[in-house]
Every structure is written in structure tokens, then in C-alpha cells.
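Report on one structure; see the data block that follows.
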Amino acid sequence: MTVKDEPGFRDSVDLMFSRAVRLMDLSPGLEQKIRVCNSTYTVRFGVRLRGKIETFTGYRSVHSEHMEPVKGGIRFALSVSQDEVEALAALMTYKCALVETPFGGSKGGLCINPRDWDEHELEQITRRFAYELIKRDLIHPAQNVPAPDMGTGEREMAWIADQYARMNTTDINAKACVTGKPPHAGGIQGRVEATGRGVQFALREFFRHPDDVSRARLAGGLEGKRIIVQGFGNVGYHAAKFLSEEDGALITAIIEHDGALVDPRGLNVEEVKQWVLRQGGVKGFPGATFVAEGSRVLEYECDILIPAAMEGVLHKGNAAAVKAPLIIEAANGPTTFGADEILRQKGCVIIPDLYANAGGVTVSYFEWVKNLSHIRFGRMQRRAEEARSRLLVEELERLSADKGLGWTMARDFKDKFLTGSDELALVRSGLDDTMRTAYQSMREIWRGRDEVEDLRTSAYIVAIDRVAKTYRSKGL
Ligand code: NAD
């Protein structure tokens, strides 16, 4: 995907790290300690499938153990390599620090095209991969907690959790060994949508700051903004759905692996999703223009570009042609270091990956806490909260009747006020708070220090500073 003279993914992350470190006061030794990847485990294992033994290669990389457990998704894709998992593990370290989830950074991957195998075969492969990682404590509630990423979801996480439980029959915290599980298998409400929801909350927070919006040569709110989304999987679909259905934005193009759909009036996200589920791609969707060379659509006119597929899609070869004044990186590493420089010089504002897609790890953190506490969020408080609200409403109604004031509360207000927060409401509230707080910590540096030109550098500065403080407090 990247142009030949560009550095690889891990080098690209390192260059971004170095750009931030140059503006910090860090000893060279500590800088190097934070930068390097602690370890990467490579495993090759065989599974008997369709009458013969198939060999698979997988990785689990641990970038930083300044906090444990370390956290990071497991990706199933043919592109998986040591360079890729190490880059993604480093991003996890910085992401967790930025949004203050108490984890170090890790990432895993299996070189496989999930579409090549049926469900039963995938279960055998996933369980075997999990077995290899569990027996080396590379999946463990206190040491290393994976989550979904490209090509994996709730189903794979449930298999991994079950595999861990089978191998650790007396571990009362077994469910906390992995997050992103389905609700019936120890998951949490709102995890599937979390990364896309986080993208929505990040954009809402950005648009709360008119100064920042004008830096991107935009004005007003999200209503009517033209958005192009690349990658219509978990992250891209949810981001597009929430932004169009709840914020009034127009999804003017969706780019998928088989091409792109374009409609300046705005695509119906749910209808496109149903089509993709049935057809396996966007091609043939009625009522929109189909562009076979999907990546070209990254260069179309729009207000906001959301790369939500994979790394390296904005590179030196196309960055100059990108017209979006605002890019929010829902995917990890979609912009190469070279493209980042070009886009910055053009005045494009980039909301960086380590912040933009942190919704997933944030809600994973809530799930992990839920598993360790063995109780659903809201279970103790919800009815007590409702009872207090009811007392207040009844008292106000009694006063109004006593004084003959004739006040009545709007039905809608009363219903909302009398409904206590369930798990989903609490998860969304915690996620919203996290995205707002993290944005403000980046913004403070971006707008407060002249030498910091962009949000990515400020995000790295906030994150590296926090990791450095943890290492220093350990005596390093
Ligand atoms: P996914 O597998 O659910 O979806 C990826 C989508 O991108 C698929 O629909 C695929 O067909 C499409 N795609 C693949 N190649 C493409 C191409 N060349 N052009 C356009 N579309 C293409 O994966 P996901 O979980 O949505 O992850 C997407 C990105 O978000 C990854 O970079 C991942 O690391 C990042 N991310 C995911 C999560 C999460 O919670 N799932 C959290 C943080 C970051």
C-alpha cells in the first residue's frame, strides 16, 4: 500500500515518536527505553484441516510493560507481520497512556485470510493459537489481555475466553483474560460499537471548539458535513451510522475492498450495511455511483475523511491530492510519516489514531473491570437512582397541586428523568468523558505551545510524558 521510498509502519511510528521527543526534556536512556519494543513472540503451529496439516504463523508483541496487564487486539489478516504487530503494539502503549487506561501496550496477529475458512475451522485455528499464547502467559487476566481487531470480533474473543477457562479451571478471574466478548460470555454492553462511538465523541468534542474547527477551514457543527469513510467494518460502519443518524452528517462515500459508493446527497448507512452483509461487498448497491478503484475516492471533495480500514492508505503518492481539510484516523496508522508531513503543510488537521480510535480500548477497560468485580455496572445503583428521582418528581407534583399552580412535566422529560442508568448508558457516559478529557489534554499542548504544530505531536507528548513518569516512579 505504501510508496516504495517510504519507511515501514514501525519506522513511521518511531519517526512520529521522535518528532515529539525532540520537543520534550527526556534523558536519551529513558527515551530509548520507551521507544523499543520489549519482546515479540512468533509461533508457528499446525492444525489438521480438510484432511491435511496446515501451518499458521502468529505473533504477540509486548511493547511496554510500564503497566500490567498489557493490552492490544488480535488481528486476523494476510498482511500480519512482525513489523506490523510491533508498530501496533507501540501505538497501544501511547493510546492507553493518552486515555488513561491502566495498561501497557501489546498487539497480536495471525497471518490468515478469515474468508478462506468456515466457522468450525476458524474455531479450531483460533483455539490453537490461543493455546500457544496462554501457555506462555501471553493471554492472562493480570498480564496480557487481547481484544478484537481487523478480522476478529466477539465470536473469536468468546473462543479465546473459553480456551483460557479450560486451561485455568480454578482462575476465578478467567473471563478478564480477553475483552470484546459477547454479553452472554462476560462481555459488556456497548463494546461492539465502542470504537465507532469513540470516533463520534471525538468529532463532537472537536466541534465544541470553534477555534479548532476554523484551523481546519471549517465552520459550524457536524450537521450537514460531508464525510467519506474508508473501511465499512466494525469501526467504519458504526462511526458512519452514528454520525449520519445522530449528528446529521452526510456520508457521501463509502470505500470498501471491492470499490467505492458515492452519493453527494448522503448514503443510507443501514441499507449499505445490509447490502454488504448479503453481497460481500459494496458493488452493485442500487442508487449510488460505483467507483471500481476505491482508493481514488480518498481524494474526492469532502469536509471530513475517516480512514477506518488499515494502515498506510494515505501515503506520499496520494497525500497532495487529498482534499479533506479534516481527517480523523479511525484506523491505526492510516497516514504514513511522509504523508503526515505533506498534509500538515497543506493545513489539513489530523485527529490522530492514538486518540481517535481509543474508544475500543476504553470500553475494553470497563469490561475488564466488570469481569474482575464480577458484577454488571449499574446493578446496585439503578433502582435507587430511580427511587430518588421519583421522590423529587412526586414532591414537585404535590407542591404544584397544593398551590394550585397546575404545573405538569413533559412526558418525555419525566420518562427520561425517572429512568436510572443501565450498563449501556454508563459505558457511553464513561466513554464520552474519556474522549473529552483526552482531547482537552492534547489541545492544551497543541494550542498552548507554539512549537507544537499538530494534534498528533501533542498526543505523543502527553502519552510519552505519562509513560516516562511511570518509569521514573519505578526508579528507572
Ligand atoms: P474489520 O475487519 O471489522 O473491518 C475492516 C474493513 O475494511 C472490512 O470491511 C474490509 O473489507 C475493509 N477493507 C479492507 N481492505 C480495504 C481497502 N483496501 N479499502 C477499503 N476497505 C478495505 O476491522 P475493524 O475492527 O473495523 O478495524 C479497522 C481499523 O480500525 C484497523 O486499523 C484496526 O486496527 C482499527 N481499530 C479497531 C478497533 C476495534 O475495536 N475493532 C479498535 C481500534 C482500532
Side-chain angles (χ1 to χ4, degrees), residues 1-2 9 13 71-80 84-85 87-89 91-92 95-96 98-99 101 105 107-109 112-115 146-157 178-181 187-188 190-199 202 228-241 253-261 272-273 275-277 279-283 291-298 305-315 318 328-335 352-365 367 431:
M1 209 27 97
T2 42
F9 189 8
V13 172
K71 191 110 192 52
I74 288 185
R75 173 176 287 196
F76 282 4
L78 284 174
S79 65
V80 166
E84 188 183 76
V85 288
L88 291 164
L91 279 176
M92 281 307 296
K95 189 182 305 183
C96 290
L98 181 66
V99 295
T101 53
K107 201 81 181 193
I112 182 178
N113 179 359
R115 293 193 181 111
D149 194 76
M150 242 166 96
T152 58
E154 286 188 332
R155 183 183 65 175
E156 288 74 15
M157 301 306 116
V178 65
T179 57
K181 304 176 292 291
I188 194 167
R191 175 60 184 89
V192 175
E193 65 167 46
T195 310
R197 183 66 78 183
V199 171
I228 295 178
V229 180
Q230 183 199 37
F232 201 52
N234 178 314
V235 180
Y237 158 67
H238 284 105
K241 177 179 169 68
I254 292 173
I255 311 170
E256 251 299 320
H257 66 98
D258 62 334
L261 297 177
V272 178
K273 186 69 188 173
W275 181 269
V276 172
L277 286 175
Q279 308 291 329
V282 292
K283 194 174 177 184
V291 179
E293 202 184 337
S295 60
R296 283 266 156 244
V297 177
L298 291 168
L305 175 62
I306 310 185
M310 60 204 289
E311 58 266 20
V313 294
L314 299 174
H315 46 76
N318 63 3
I328 177 159
E329 296 181 334
N332 281 307
T335 313
D353 47 7
L354 61 157
Y355 167 68
N357 66 37
V361 74
T362 302
V363 177
S364 275
Y365 168 45
E367 180 177 333
L431 176 58

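Just so you know, ligand 1 is whichever comes first in the structure, and atom 1 is the first atom listed for that ligand. Everything numeric in this text was worked out from a predicted model, so none of it was measured.
In this structure, Lys273 is positioned above the aromatic face of Phe232, its NZ or CZ under 6.0 Å from the six-membered ring centre and within 45° of the axis.
For Ala331, the side-chain contact (heavy atoms from CB on, under 4.5 Å) partners at least two apart in sequence or on another chain are Pro334. By the side-chain contact (heavy atoms from CB on, under 4.5 Å) test, Thr195 is found to be paired with Arg191, Val235, Asn357, residues two or more places apart in sequence or in another chain being considered.
For the pair Arg75 and ligand 1, the shortest N or O to N or O distance falls below 3.5 Å. The shortest N or O to N or O distance between Thr195 and ligand 1 is under 3.5 Å. At a 3.5 angstrom cut-off on N or O pairs, Gly360 does not count as close to ligand 1. Residue-to-ligand polar distances place Gly151 within reach of ligand 1: an N/O pair is separated by less than 3.5 Å. Between Asp149 and ligand 1, a contact under 3.5 Å exists for at least one N or O pair.
Atoms of ligand 1 lying under 4.0 Å from any heavy atom of Ala308, numbered from 1 in the order shown and given with element: 28 (C), 29 (C). Those atoms of ligand 1 with a heavy atom of Asn357 less than 4.0 angstrom away are 43 (C), 44 (C).
Between Arg115 and ligand 1 there is a heavy-atom distance shorter than 4.0 Å.
Proximity of Ala194 to ligand 1, defined as any heavy-atom pair under 4.0 Å, is not found for any part of the residue.
The pair Arg75-Glu84 meets the salt-bridge criterion, with a side-chain N (NZ, NE, NH1 or NH2) lying under 4.0 Å from an Asp/Glu carboxylate O.
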